[in-house]
Amino acid sequence: MDSIISPHSKTPQDPTELTDALLDWYDVNARTLPWRIPPGSDIEPDPYHIWLSEIMLQQTTVTTVIPYFIKFLHQWPRVQDLAAAAQDDVLVAWAGLGYYARARNLHKCAQYVTEELNGIFPDTEENLLQLPGVGPYTAAAIAAIAFGQPAAVMDGNIERVMARMFNVTTPLPDAKPALKELTERMTPQHRAGDYAQAVMDLGANICGPKLLKCSGRCPWEDHCAANALGTADQLPRRKSKAPKPTRRGYAFWAEFNNHIWLCRRPENGLLGGMMEVPSTDWLESKSWDEVPAPQIPIITNWKETPGMVRHTFTHFHLELKVIRLEFAEQIDLQEGDWFPFSRINDLALPTVMMKVIHHLREPVLDL
DNA sequence: AACCCGGGGGG
DNA sequence: CCCCCAGGGTT
């Protein structure tokens, strides 16, 4: 990349003019968010708040995060409080947010900061990067937003805005190095945190994946190469993804006296550490004809229930048929425990398991 | 470098 | 149905 100047834009050599225009826009248009210090405020950001919000915002939209962020701060006001919590309480509070390894790393990180760093977060990108669950994006974001350092923050929003500003037509992920380079050149020495948040606001509200509200709204409208070329709605390009396979299995519904039998998944891997209705392995198949008949986990009468639970994970679709085990008395299965339905919301149940529970409690065909 | 890892909202 | 989202860890 020879120059930050696009042949199709009026971008000045010195990006200061661009960043100043964006910061002026941000001063007026910054969204109010629970973890955000409004531009111009004298309040010092709380690194604990910034860190918590940034972990939650990984691959998760702002509107989804807000209620969880408020709930966490209410339950654990300081990083020391979070460190002292039981891991299962953290998983329960996290249930529904997804990517559950984030919750385990969040807890580990809180304990590390509390026990090894006297409750004080590192203030450099390099040292932040050493924390569990903190990668390049989050380290730069905390350094810039919480500590005012000129760290170059790169995320999906900023990738998109840069790809359009400079008409980067290389498909992702191949374009990442070039977009990172552009981001580094654009990041200002002062107010880098506000700058990063401003670009992300731009990406969320004006320069969206499909939604483009450039005209009269975007502070970079007159300097955007894709806007000049009319290519904005086609950028950034992406390599095509492999289609998702379908896995199928049988879940076992064991209910007695308003209790349900649940067990805990292994610590690592899919839905690590979360609770589940016991089930057979989830095997990839073309149809149910290929799925082996289930091994019933206890000698008792059983019945396959009508319908099926469908759920989609990051990399596969899941179909679960549910087998109801019938009991004359409350017998323990091999692993797990009986839990009263009244406490179901106090358990770390991922969404797919909540679907199973709703499916059996209010039978709906082919949910 | 490739793969694994959720869930929700919007078009 | 598709796509995307304030990505990180593991191997």
Side-chain angles (χ1 to χ4, degrees), chain A residues 31 33-36 49-69 91 94-106 108-109 128-146 151-161 172-174 176-177 180 183 193-205 207-212 233-245 247 265-274 276 310-318 348-355:
Chain A
R31 285 185 290 177
L33 299 173
W35 49 86
R36 177 175 287 178
H49 295 189
I50 303 302
W51 163 75
L52 178 61
S53 70
E54 292 300 345
I55 300 296
M56 288 182 166
L57 286 161
Q58 290 166 8
Q59 297 297 101
T60 309
T61 53
V62 166
T63 53
T64 301
V65 164
I66 287 174
Y68 283 89
F69 177 80
L91 288 177
W94 197 274
L97 256 191
Y99 287 105
Y100 298 96
R102 289 187 296 172
R104 300 193 300 274
N105 283 328
L106 183 86
K108 268 195 277 183
C109 184
L128 285 161
L129 203 46
Q130 304 305 313
L131 300 175
V134 175
Y137 162 76
T138 308
I142 297 173
I145 298 169
V153 181
M154 261 290 287
D155 80 320
N157 281 306
I158 298 177
E159 280 180 355
R160 181 173 60 255
V161 173
L172 287 167
D174 294 354
K176 278 181 180 290
K180 174 73 174 174
T183 298
D194 282 348
Y195 167 78
Q197 294 180 90
V199 183
M200 291 190 277
D201 277 17
L202 206 59
N205 299 332
C207 196
K210 305 289 181 188
L211 180 79
L212 289 103
D233 61 348
Q234 304 166 38
L235 295 175
R237 296 175 55 193
R238 287 178 197 280
K239 285 183 172 176
S240 59
K241 300 169 189 171
K244 290 178 182 176
R247 300 184 193 176
R265 295 180 61 87
E267 184 70 11
N268 296 310
L270 183 70
L271 305 175
M274 304 293 284
E276 68 172 354
R310 299 179 198 276
H311 188 74
T312 298
F313 293 93
T314 308
H315 53 296
F316 65 94
H317 303 290
L318 177 66
L349 284 162
T351 296
V352 61
M353 292 302 151
M354 290 303 288
K355 284 186 184 177

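Fair warning: this is a prediction, and the values are worked out from it, not measured in the lab. Each chain gets a letter, A, B and so on, in the order its sequence line appears, and its residues count up from 1. Worth knowing before you read on, the calculation uses all heavy atoms, side chains too, and leaves out hydrogens, waters and symmetry mates.
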Gap in Å between the two [atom1] atoms, one belonging to [N] and one to [M], rounded:
N     : M      : atom1 : result
B/dG9 : C/dG8  : C1'   : 23 Å
B/dG6 : C/dC5  : C1'   : 12 Å
C/dA6 : B/dG11 : P     : 15 Å

When the distance from [atom1] of [X] to [atom2] of [N] is rounded to whole Å, what number comes out?
X        : N      : atom1 : atom2 : value
A/Asp155 : C/dC5  : CG    : P     : 8 Å
A/Gln197 : C/dA6  : CD    : C1'   : 9 Å
A/Leu270 : C/dT10 : CG    : C1'   : 15 Å
A/Phe313 : C/dC4  : CZ    : C1'   : 19 Å
A/Leu211 : C/dC3  : CG    : P     : 19 Å
A/Tyr100 : C/dG7  : OH    : C1'   : 17 Å
A/Leu202 : C/dA6  : CG    : P     : 12 Å
A/Asn205 : C/dC4  : CG    : C1'   : 15 Å

Original post:
For A/Lys241 and C/dC2, is the shortest distance between a side-chain N/O and OP1 or OP2 below 4.0 Å?
Top reply: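 It does not, given that no N or O in the side chain of A/Lys241 lies less than 4.0 Å from OP1 or OP2 of C/dC2.
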Subject >> For A/His311, ring pair (Phe, Tyr, Trp, His ring centres under 6.0 Å) partners two or more places apart >> reply: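 Once residues adjacent in sequence are excluded, the partners of A/His311 under the ring pair (Phe, Tyr, Trp, His ring centres under 6.0 Å) criterion are A/Phe313.
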Subject >> Residues which pass ring pair (Phe, Tyr, Trp, His ring centres under 6.0 Å) with A/Phe69, listed by chain and number, not counting sequence neighbours >> reply: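 A/Trp35.
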Subject >> Heavy-atom pair of closest approach, residues A/Ile158 and A/Ala196 >> reply: CD1-O, 4.2 Å
Original post:
Out of C/dA6, C/dC5, C/dC1, which has the shortest distance to the side chain of A/Arg238?
Top reply: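 For A/Arg238, the side-chain atoms sit closest to C/dC5.
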Subject >> Earlier contact from the 5' end, DNA chain B, for A/Thr312 and A/Lys210 >> reply: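 Closer to the 5' end of DNA chain B: A/Thr312.
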Subject >> Nucleotide range of DNA chain B lying under 4.0 Å from chain A heavy atoms >> reply: B/dC5 to B/dG8
Original post:
Quick one: side-chain hydrogen bond (donor to acceptor under 3.5 Å, both in side chains) partners of A/Thr183, sequence neighbours excluded?
Top reply: none
Original post:
For A/Gln59, what residues pass the side-chain hydrogen bond (donor to acceptor under 3.5 Å, both in side chains) criterion, not counting sequence neighbours?
Top reply: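 Expected list: none.
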Categorize [X] for me: base, sugar-phosphate, or nothing, with a 4.0 angstrom heavy-atom threshold over every strand shown.
X        : value
A/Arg104 : nothing
A/Thr351 : sugar-phosphate
A/Trp35  : base
A/Arg31  : base
A/Gly96  : sugar-phosphate
A/Asn105 : sugar-phosphate

**OP:** Please list, by residue number, the residues of residues 50-68 of chain A whose heavy atoms come closer than 4.0 Å to an atom of DNA chain B; answer none if no residue qualifies.
**Re:**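 Here the set is A/Gln59, A/Thr60.
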Mind checking what makes salt bridge (Lys or Arg N to Asp or Glu O under 4.0 Å) contact with [X], not counting sequence neighbours?
X        : answer
A/Arg247 : none
A/Arg160 : none
A/Lys210 : none
A/Asp194 : A/Arg191

Would you say [X]'s side chain and [Y]'s backbone share a donor-acceptor pair under 3.5 angstrom?
X        : Y        : value
A/Tyr100 : A/Ala95  : no
A/Arg102 : A/Gly133 : no
A/Lys239 : A/Pro173 : no
A/Thr64  : A/Val62  : no

Original post:
Stepwise, does the side-chain contact (heavy atoms from CB on, under 4.5 Å) test hold for A/Trp51 with A/Leu128?
Top reply: CA-CA 10 Å; A/Trp51 163 75; A/Leu128 285 161; over 6 Å; no
Subject >> Side-chain donor-acceptor contact under 3.5 Å, A/Gln197 with A/Arg36 >> reply: yes
Original post:
In residues 137-146 of chain A, which ones come under 4.0 Å of DNA chain C, going by heavy atoms?
Top reply: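 Heavy-atom contacts with DNA chain C come from A/Tyr137, A/Thr138.
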**OP:** Could you summarise the pairing of DNA chain B as dot-bracket text, marking Watson-Crick and G-U pairs under 3.5 Å with ( ) or [ ] inside the strand and | across strands?
**Re:** |||||.|||||
